[in-house]
Number of protein chains: 2
Amino acid sequence: MGTSRSYDDACPIARALDVVGERWALLVIRELLLGPQRFSDLRRALPGASTNILTDRLRELEKHGLVRQDRLPPPAASRVYELTERGNELTPALEALGAWGAPIPAPDGRPGLSAVSMLLFLRGCLRTHPDPPTGVYCIQLDERIWTILAGESGAAVEPGDSASPDATLRTDPWTLNTLIADPTRLESAIASPAAEAGGDVASLRRLLEAASETGGGSTALRYPRR
Amino acid sequence: MGTSRSYDDACPIARALDVVGERWALLVIRELLLGPQRFSDLRRALPGASTNILTDRLRELEKHGLVRQDRLPPPAASRVYELTERGNELTPALEALGAWGAPIPAPDGRPGLSAVSMLLFLRGCLRTHPDPPTGVYCIQLDERIWTILAGESGAAVEPGDSASPDATLRTDPWTLNTLIADPTRLESAIASPAAEAGGDVASLRRLLEAASETGGGSTALRYPRR
DNA sequence: CCGCATCCGTTTCGATACTG
DNA sequence: CAGTATCGAAACGGATGCGG
């Protein structure tokens, strides 16, 4: 059943793969890196994974202590999945894997691109920028709102909105990717139904330009090298 | 056939997993991290992988440019597989995964333990030691000979023997693991058929003690944190 | 022996439909 | 919304065979 086959190998790499080596497992972890997600959020972010596989992986990751299930306070009677501390410790491994995978061309057609992977990319760009912009931004992607806290000491991305953002943006992950690849398209995107902006748009544009300078120059989504 | 299913996801983590995410792929890479290996070496190192799977993975890794096949010079009419530069660049990701997997208890029974994973562990211990010993050691594991070059600037492990080692050791990966966990067993191991030593045994013992101090203290094989 | 191909039983995956 | 049930397709794992 949920019993995954073991490599039966004492090497720590093999032991790690016994836990997170199955198909979709690491992408589920990726989706939880920026905060809790509901089952349906994961389903939208990973459309290639069928519901039974998603359930299997979540149960297994829960069993191994990487993922925890939480009930939200009364108003929202929904459950969310979130990473435990142990699950969060996979961050360096996922970043290293992403850095290695960055040069690989994206698959043909219109590949999927989740809000989380897009935001991870944006955060990575800002963190490696020599002179990052500062500000608070609320970005709505796929019906979910995220807050970007950009400062000189680093950049953070959190789920939920902020009381007083410098600027707001509503769009989809793919459009955001093109905007980081070419920030000059911001005005035309806002003029189209693909995006909508509010607040200090000039500040928003500086955010996109900073991201563009460190890694977004190419069309393909990339994670910056460390 | 060899056509692996794609995640169809533009995220670089997903793109990396499209290449190395299939079962056994990353463990094949691990086995090649210290140098070329023959098909039969890989087969011995990964006894759980059947020959057709091994062939499939090598073909696929070759197709993606991570692995290259080489013919050895005439005396040995055998072929070897080795990592390309691109394949070698997975080292940080594998180290991060190994560091994460280190706390996971080894599977029950007598789990496999390849010479390469043992030597990767030893090298990692030496590299994180604050005051590493220096010397050249030839270690024979599972009928293959490796040279350990330990110096203040770091430690290296290479396939093949050395002209003038300070000490030599012949044993199996599991015994070497126990010797790093408890170097005081060196003498009794040499007295048994499980190990055989030559040259400066005191120097060899200092090597084991250094490894023991940084990560070998527990019974389980571990990779040091960075 | 080495490298690989083929056959076959079992497990896992993926798509759809369905339920609390 | 959050899963469960079902079923065909693919991948995996083990054994065997075959040309160097």
Side-chain angles (χ1 to χ4, degrees), chain A residues 1-9 14 17-18 20-28 31-32 36-62 67-72 74-82 112 142-144, chain B residues 1-9 14 17-28 31-32 36-63 67-72 74-82 112 142-144:
Chain A
M1 294 280 194
T3 306
S4 60
R5 277 174 297 206
S6 169
Y7 286 110
D8 197 38
D9 188 322
L17 291 172
D18 278 341
V20 297
E22 278 173 306
R23 196 163 169 75
W24 296 107
L26 282 175
L27 296 188
V28 170
E31 283 304 309
L32 298 176
Q37 301 267 57
R38 290 171 301 176
F39 189 88
S40 53
D41 296 326
L42 298 173
R43 185 153 169 54
R44 166 171 4 209
L46 304 170
S50 48
T51 56
N52 50 3
I53 291 293
L54 219 42
T55 304
D56 276 6
R57 291 299 164 269
L58 286 166
R59 292 283 168 279
E60 196 164 344
L61 294 174
E62 209 176 341
V67 164
R68 175 182 37 229
Q69 204 172 161
D70 258 22
R71 276 179 193 285
L72 290 186
S78 182
R79 275 165 290 185
V80 292
Y81 295 92
E82 63 184 342
D142 288 341
E143 311 301 307
R144 284 203 53 167
Chain B
M1 292 280 195
T3 307
S4 60
R5 278 174 296 204
S6 167
Y7 285 110
D8 196 38
D9 190 322
L17 291 173
D18 278 341
V19 176
V20 297
E22 278 172 306
R23 196 162 169 76
W24 295 107
L26 282 176
L27 296 188
V28 170
E31 283 304 308
L32 298 176
Q37 301 266 57
R38 291 170 301 176
F39 190 88
S40 53
D41 296 326
L42 298 174
R43 184 153 170 54
R44 174 181 350 220
L46 305 170
S50 49
T51 58
N52 50 2
I53 291 294
L54 220 42
T55 303
D56 276 6
R57 290 300 166 269
L58 286 167
R59 290 283 162 278
E60 197 164 344
L61 293 173
E62 209 176 342
K63 191 183 72 180
V67 164
R68 175 181 37 228
Q69 205 173 163
D70 258 21
R71 276 181 194 285
L72 290 186
S78 183
R79 276 166 290 186
V80 291
Y81 296 91
E82 64 184 341
D142 289 341
E143 314 299 309
R144 284 203 53 168

Student: Using atom types as modelled and distance alone, determine if a side-chain donor or acceptor of B/Y7 lies under 3.5 Å from a backbone N or O of A/R23.
Tutor: no
Student: Check the distance between C/dG3's P and B/L54's CG and give it to me in whole angstrom.
Tutor: 10 Å
Student: Whether B/R59 and B/D56 form a salt bridge (side-chain N of Lys/Arg under 4.0 Å from carboxylate O of Asp/Glu) is what I want to check.
Tutor: no
Student: Nearest to the side chain of B/R23, which nucleotide is it out of D/dC1, D/dG13, C/dC13?
Tutor: D/dG13
Student: Work out how much the helix from C/dC1-D/dG20 to C/dG20-D/dC1 bends between its end axes, five pairs an end, to the nearest 10 degrees.
Tutor: 30°
Student: So if I define the base as every atom that isn't primed, P, OP1 or OP2, how would nucleotides 14-20 of chain D read as a B/S/- string at a heavy-atom cutoff under 4.0 Å?
Tutor: B------
Student: In the structure I gave you, are the side-chain heavy atoms of B/D41 and B/E31 within less than 4.5 Å of one another anywhere?
Tutor: no
Student: Grab the CZ-P distance between A/R38 and D/dG3 for me, whole Å please.
Tutor: 12 Å
Student: In this structure, how many angstroms lie between the P atom of C/dC1 and the CZ atom of B/R79, rounded?
Tutor: 18 Å
Student: When you measure from the side chain of A/R57, which nucleotide among C/dA5, C/dT12, C/dC2 comes out closest?
Tutor: C/dT12
Student: Answer yes when B/E60 and B/K63 have at least one side-chain N-carboxylate O distance shorter than 4.0 Å, and no when they do not.
Tutor: no
Student: For B/I53 and C/dC4, give me the distance from atom CD1 to atom C1', rounded to whole Å.
Tutor: 13 Å
Student: What is the distance from CG of B/L46 to C1' of C/dG3, rounded to the nearest Å?
Tutor: 16 Å
Student: Which whole-number value in Å describes the distance from A/D41 CG to D/dC1 C1'?
Tutor: 11 Å
Student: In the structure I gave you, are the side-chain heavy atoms of A/L42 and A/L58 within less than 4.5 Å of one another anywhere?
Tutor: yes
Student: Atom CZ of A/R43 and atom P of C/dT16: how far apart are they, to the nearest Å?
Tutor: 10 Å
Student: Return the value, rounded to whole Å, for the distance between atom CZ of B/R59 and atom P of C/dA5.
Tutor: 6 Å
